[in-house]
Student: 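Let me give you the structure first, and then I'll get to my questions.
For clarity, every value in this text was computed on a predicted model and none was experimentally measured. For this chain, numbers begin at 1 and follow the sequence in order. Every number for a ligand or one of its atoms is a count from 1 in the order of the listing.
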Amino acid sequence: MSTPSPAWLAAARTQFVTHFGAAPTRFAFAPGRVNLIGEHVDYHQGFVLPAAISQGIRALARPRPDTLVTLRSATFNATHTFDLAAPFAATSGWARRAEGIIRTVLADAPSPRGLDLFADADLPVGGGLSSSAASMAALGALAADLNDLPLAPTPFALTLQAAEHRFAGVNCGLMDQLAVLQGRANHALLIDCRDLSLRPVPIPPTWALVVLDSAIRHDLATSEYNRRQQECAAVLALLRARRPAVQSLRDATDADLDAVAPTADPVGLRRCRHVLAENRRVHEAVAALAAQDAPTVGRLFAASHVSLRDDYQVSCPELDALAEAAWQAPGCIGARMTGGGFGGSTVNLVQASEVRPFLTFVAREYKLQTGRDARVLVTRASDGLTRGEVP
Ligand code: GLA
């Protein structure tokens with residue numbers, strides 16, 4: 001995703017004019033993301049390797065002469081209107097997140113101007129592909145642009161993260177926001193979640209990126225996500241009491257974990273073992289990608305999935321079935337669950353010449369094992385947020 005496709009622009013412009021009676025002036029496209037490896041480590045100041053993908057959130061806007069904001073969501077087939085000069089209006093769901101990010105971005109504007117907005121998506125909602133971060137990025141960017149406010153990537157990522165905490169109740173790390181804003185075509189991004197530095201890592205051109213959405217969504221995803229942080233925080237407190245240099249799990253060693261094992265909660269300890277091993281796998285995966293070493297990438301992806309399933313316990317039977325089917329499939333380089341888990345998607349690297357037999361095999365196995373159909377997104381690593389004037 002980089003510039004609006006003429007077909008989408010023509011259709012979206014028509015819907016905008018029908019709804020608002022005037023033409024849009026600006027667009028924003030925010031991609032979703034997959035994480036190749038480094039799962040549930042961003043909020044432990046670890047290392048992650050996400051890529052922005054070619055599917056995402058697309059939005060159009062025009063300024064208004066007053067302080068009203070009207071958002072038409074094609075995805076939810078619904079409209080939300082609020083007044084920047086009046087108290088917060090939305091109570092839940094997508095409208096609360098949208099209103100939250102727009103108000104946050106405009107909080108420092110001396111006299112904020114309202115806007116008309118239209119948004120749609122070619123990204124599954126709640127599929128573990130950062131549809132939430134992407135929609136906040138697109139809407140927040142348009143609110144800033146129409147109010148002549150500057151947006152620098154890292155501060156904007158932090159604003160988006162704070163909005164996710166506040167308006168969605170998920171105490172997420174910063175991986176999704178940085179990937180959505182800073183993605184690079186044909187590359188994954190190695191992000192150090194302590195200093196927020198970022199290094200593009202090329203994805204071999206003959207390796208296709210395939211996302212399989214299990215079509216499973218679990219309500220407990222948010223509460224379990226936040227609970228994992230508490231479980232790890234309890235062990236971290238023991239680690240720090242013994243060795244104060246351990247600021248986060250990123251600084252801990254296996255020997256540190258062994259030393260606190262007699263007093264730590266065994267479940268918390270397993271969570272932490274995942275974090276330490278996953279951080280190591282990220283560095284090994286970066287080296288393996290550079291060497292185009294498919295067997296090593298496959299081994300690392302599988303080890304990551306198994307660790308998320310057994311130690312961090314954020315997978316579900318359907319994600320396991322999808323990953324296991326992929327491991328047997330022709331052309332598979334690596335497959336694992338991606339994102340927060342409890343449903344959502346797997347990320348698959350597949351030999352580009354074998355995508356078709358790969359998909360046929362996995363679809364058949366998934367159906368056999370679960371009775372369900374997976375949703376397929378053949379995608380590619382793409383640029384992050386793009387925005388500009390409507391041509
Ligand atoms: C969600 C969060 C991210 C990250 C992943 C798991 O996508 O938003 O910050 O923690 O889960 O790696």
Side-chain angles (χ1 to χ4, degrees), residues 30-53 56-57 97 101 123-137 154 157-183 188-194 196 198 211 213-214 217-233 248-250 271-272 274-279 281-282 285 300-301 304-305 307-309 311-316 319 336-347:
R33 66 98 191 86
V34 282
N35 187 18
L36 294 191
I37 197 161
E39 213 66 86
H40 283 278
V41 295
D42 59 345
Y43 50 84
H44 296 302
Q45 301 189 352
F47 296 89
V48 294
L49 192 65
I53 59 176
I57 308 292
R97 292 196 299 276
I101 187 60
L123 186 69
V125 172
L129 303 173
S130 289
S131 57
S132 176
S135 61
M136 286 207 207
T154 304
L158 289 164
T159 301
L160 292 169
Q161 182 196 31
E164 195 80 43
H165 290 186
R166 186 158 166 219
F167 303 109
V170 184
N171 295 327
C172 61
L174 203 55
M175 168 174 77
D176 301 350
Q177 293 75 12
L178 288 171
V180 163
L181 297 180
Q182 304 262 64
L189 301 175
L190 173 62
I191 304 175
D192 176 339
C193 296
R194 169 166 285 165
L196 307 185
L198 217 127
V211 174
D213 178 2
S214 66
R217 311 284 185 259
H218 284 303
D219 287 345
L220 49 67
T222 300
S223 57
E224 288 296 319
Y225 184 95
N226 294 343
R227 190 209 297 257
R228 293 294 174 279
Q229 298 188 359
Q230 292 154 12
E231 291 165 340
C232 290
S248 73
L249 287 184
R250 185 248 188 77
R271 311 288 191 240
C272 295
H274 162 76
V275 175
L276 268 56
E278 185 76 354
N279 270 324
R281 281 190 284 268
V282 173
L300 293 166
F301 273 36
S304 171
H305 184 89
S307 171
L308 289 157
R309 182 189 70 195
D311 284 342
Y312 221 69
Q313 294 184 296
V314 291
S315 187
C316 64
L319 285 175
R336 51 176 290 278
M337 59 156 279
T338 192
F342 300 101
S345 304
T346 59
V347 57

Student: Non-hydrogen atoms closer than 4.0 Å to ligand 1: which protein residues do they belong to? List them by chain and number, please.
Tutor: R33, E39, H40, D42, Y43, C172, G173, M175, D176, Y225, G339, G340
Student: Who are the salt bridge (charged side-chain N to carboxylate O under 4.0 Å, His left out) partners of R228, not counting sequence neighbours?
Tutor: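 In terms of salt bridge (charged side-chain N to carboxylate O under 4.0 Å, His left out), with neighbours along the sequence ignored, R228 is linked to E224, E231.
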Student: Less than 4.0 angstrom from a charged side-chain N to a carboxylate O is my criterion; do E164 and R97 meet it?
Tutor: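 No salt bridge links E164 with R97.
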Student: With sequence neighbours excluded, what pairs up with A157 under the side chain to side chain contact (heavy atoms under 4.5 Å, CB included) test?
Tutor: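 Scan of A157 (side chain to side chain contact (heavy atoms under 4.5 Å, CB included), adjacent residues dropped) gives L174, Q177, L178, L181.
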Student: So, do R281 and S307 sit near enough that their side-chain heavy atoms are less than 4.5 Å apart?
Tutor: yes
Student: Applying side chain to side chain contact (heavy atoms under 4.5 Å, CB included), can you list everything that pairs with D42, at least two apart in sequence or on another chain?
Tutor: V48, M175, C193, Y225
Student: May I ask you to decide if the ring planes of Y312 and H40 are parallel, tilted or perpendicular, using 30° and 60° as cut-offs?
Tutor: tilted
